[in-house]
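This report refers to the structure that appears directly beneath it.
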Amino acid sequence: MKGLWLTIMQALGQKKVKPKPPIYDEQEREGMRRAGRFNAQLLDFIRPHVKAGVTTLELDRLAYDYTIDHGHTPACLGYKGYPNTICTSVNEVVCHGIPNSRPLREGDIVNVDMTTIVDGWHGDSSETFLLEPVTEDARKLVQAAFDAMHVGIDAIQPFGKLTDIGRAIERFARLRGYAVVQEYQGHGLGREFHQEPGVPHYVPKLNPSTVILEPGMCFTVEPMINAGTWRTMLDKHDKWTVRTMDLSLSAQFEHTVVVTETGADILTETENGPKPGHKF
Ligand code: MF3
Ligand code: CO
Ligand code: CO
């Protein structure tokens with residue numbers, strides 16, 4: 001009996017030791033802004049290269065060289081053993097696709113996700129590119145993923161709840177007839193790549209987050225939206241590539257944001273990429 005109580009108390013205790021999400025001051029936010037700006041610049045750099053015929057390994061090489069040439073550090077490379085600079089997730093791949101030698105072709109949709117460390121601070125963002133011409137089904141899904149990200153970002157309010165984000169995204173996706181991936185979430189970031197708070201893109205029935213959003217909190221919003229089931233499977237061989245369980249299409253966009261006194265600032269807005277309201 002004593003043993004059982006100990007286990008329960010430890011389980012409860014473990015929840016309590018979850019570190020509080022860091023709140024960054026002006027100077028720290030400036031570090032995050034610079035990292036976000038560079039990461040956006042990297043996405044702008046890669047955009048014209050995402051064409052039919054290019055391999056995702058070639059894109060990876062370009063991103064690596066660009067990052068190094070600017071004196072910065074690719075965050076993914078070597079992170080938990082990840083082998084490359086970027087993640088390239090094609091069609092039914094939900095996230096963490098490893099660049100390979102298959103040329104992209106017309107009709108593909110590919111998410112390119114990149115993370116850079118600039119002077120110790122992380123910037124993390126991604127875009128799904130359409131290799132035109134694509135099917136209308138693919139276009140609609142990509143549109144929904146982009147809009148879902150912005151619906152989530154728009155739900156951020158100072159001293160609002162973190163669960164407002166997931167609730168807004170889930171409601172929006174359901175309205176468009178799509179499913180939201182549950183096993184992978186947004187995340188706090190700063191000096192660490194993945195830190196508190198976790199940012200689910202739905203509202204978990206069990207233990208929903210109690211985090212209150214505060215000015216100075218930094219995290220990503222990066223919903224993965226599926227045409228079919230929300231369920232996913234991890235590649236048995238590479239242990240990275242995540243696919244939809246039914247092999248239906250999946251699309252994703254990601255921004256890094258900082259909570260402000262009035263809402264949220266996007267730190268990874270690109271110059272040439274899609275802006276809120278964009279039609280694909
Ligand atoms: N950039 C991804 C994210 O949005 C993480 C990639 S995991 C890695 O969180 F191992 F590939 F780095
Ligand atoms: Co990312
Ligand atoms: Co991320």
Side-chain angles (χ1 to χ4, degrees), residues 21-22 32 35-47 50 56-57 59-61 63-64 67 72-90 93-100 110-118 121-129 145-146 148-150 152-153 156 162 165-166 169 180-201 217-225 232 234-235 237-243 250-258 264 266-270 273-274:
M32 286 299 289
R37 214 174 294 136
F38 177 77
N39 211 61
Q41 194 184 316
L42 178 58
L43 257 178
D44 274 330
F45 163 73
I46 215 74
R47 187 173 300 100
V50 186
T56 46
L57 256 180
L59 297 177
D60 186 73
R61 183 80 218 175
Y64 176 83
T67 304
H72 304 315
T73 307
C76 292
L77 189 60
Y79 179 79
K80 297 188 176 168
Y82 188 74
N84 289 83
T85 296
I86 62 176
C87 296
T88 50
S89 302
V90 180
V93 178
V94 172
C95 63
H96 304 166
I98 298 176
N100 62 28
V110 56
N111 175 274
V112 178
D113 191 341
M114 27 187 58
T115 310
T116 313
I117 310 172
V118 175
W121 297 98
H122 287 74
D124 185 6
S125 52
S126 84
E127 249 176 75
T128 297
F129 297 96
F146 181 73
M149 173 185 67
H150 280 294
I153 293 172
I156 297 170
L162 185 133
I165 301 169
I169 291 173
V180 178
V181 168
Q182 300 193 0
E183 293 108 317
Y184 303 88
Q185 315 186 335
H187 50 92
L189 86 172
R191 293 201 174 275
E192 301 285 327
F193 191 169
H194 294 101
Q195 61 187 32
E196 290 302 321
V199 184
H201 303 107
M217 225 180 249
C218 288
F219 52 83
T220 68
V221 179
E222 50 178 305
M224 286 140 273
I225 305 296
T232 66
L234 184 65
D235 188 285
H237 304 288
D238 69 26
K239 304 270 176 63
W240 279 105
T241 309
V242 178
R243 292 186 180 79
S250 184
Q252 178 183 26
F253 287 81
E254 172 175 26
H255 271 315
T256 300
V257 305
V258 56
I266 297 174
L267 303 182
T268 44
E269 195 66 277
T270 56

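In each ligand, atom 1 is the first atom listed, and ligand 1 is the first ligand listed.
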Task: Angle, NE2 of His187 through the Co ion (ligand 3) to OD2 of Asp124 - 10° precision - done: 90°

TODO: Verify the distance criterion only: is there a donor paired with an acceptor across the side chains of Glu222 and His187 at less than 3.5 Å?
DONE: yes

- [ ] Compare all side-chain heavy atoms of Trp121 with those of Thr256 and state whether any distance is below 4.5 angstrom.
- [x] no

- [ ] State whether a side-chain donor-acceptor pair under 3.5 Å links His194 with Tyr79.
- [x] yes

TODO: Kindly say whether Gln252 contributes a backbone atom to a donor-acceptor pair with the side chain of Asn111 at under 3.5 angstrom?
DONE: yes

Open item on the list: Checking one value in my table: which N/O/S atom of Glu222 lies closest to the Co ion (ligand 3)?
Closed with: OE2

- [ ] Scan side-chain atoms only and decide if Asn39 and Thr268 contain a donor-acceptor pair under the 3.5 Å cut-off.
- [x] no

TODO: Over 60° means perpendicular and under 30° means parallel, so classify the ring planes of Phe193 and His122, tilted if in between.
DONE: parallel

Task: Side-chain donor or acceptor of Asn84 paired with backbone N/O of Ile86 under 3.5 Å - done: no

Open item on the list: Given a heavy-atom cut-off of 4.0 Å, could you list the residues near ligand 1 in chain and number order?
Closed with: Cys76, Tyr79, Tyr82, Cys87, His96, Asp113, Thr115, Asp124, His187, Phe193, His194, Glu222, Trp240, Glu254

Task: Apex the Co ion (ligand 2); atoms Asp113 OD1 and Glu254 OE1; angle rounded to 10 degrees - done: 100°

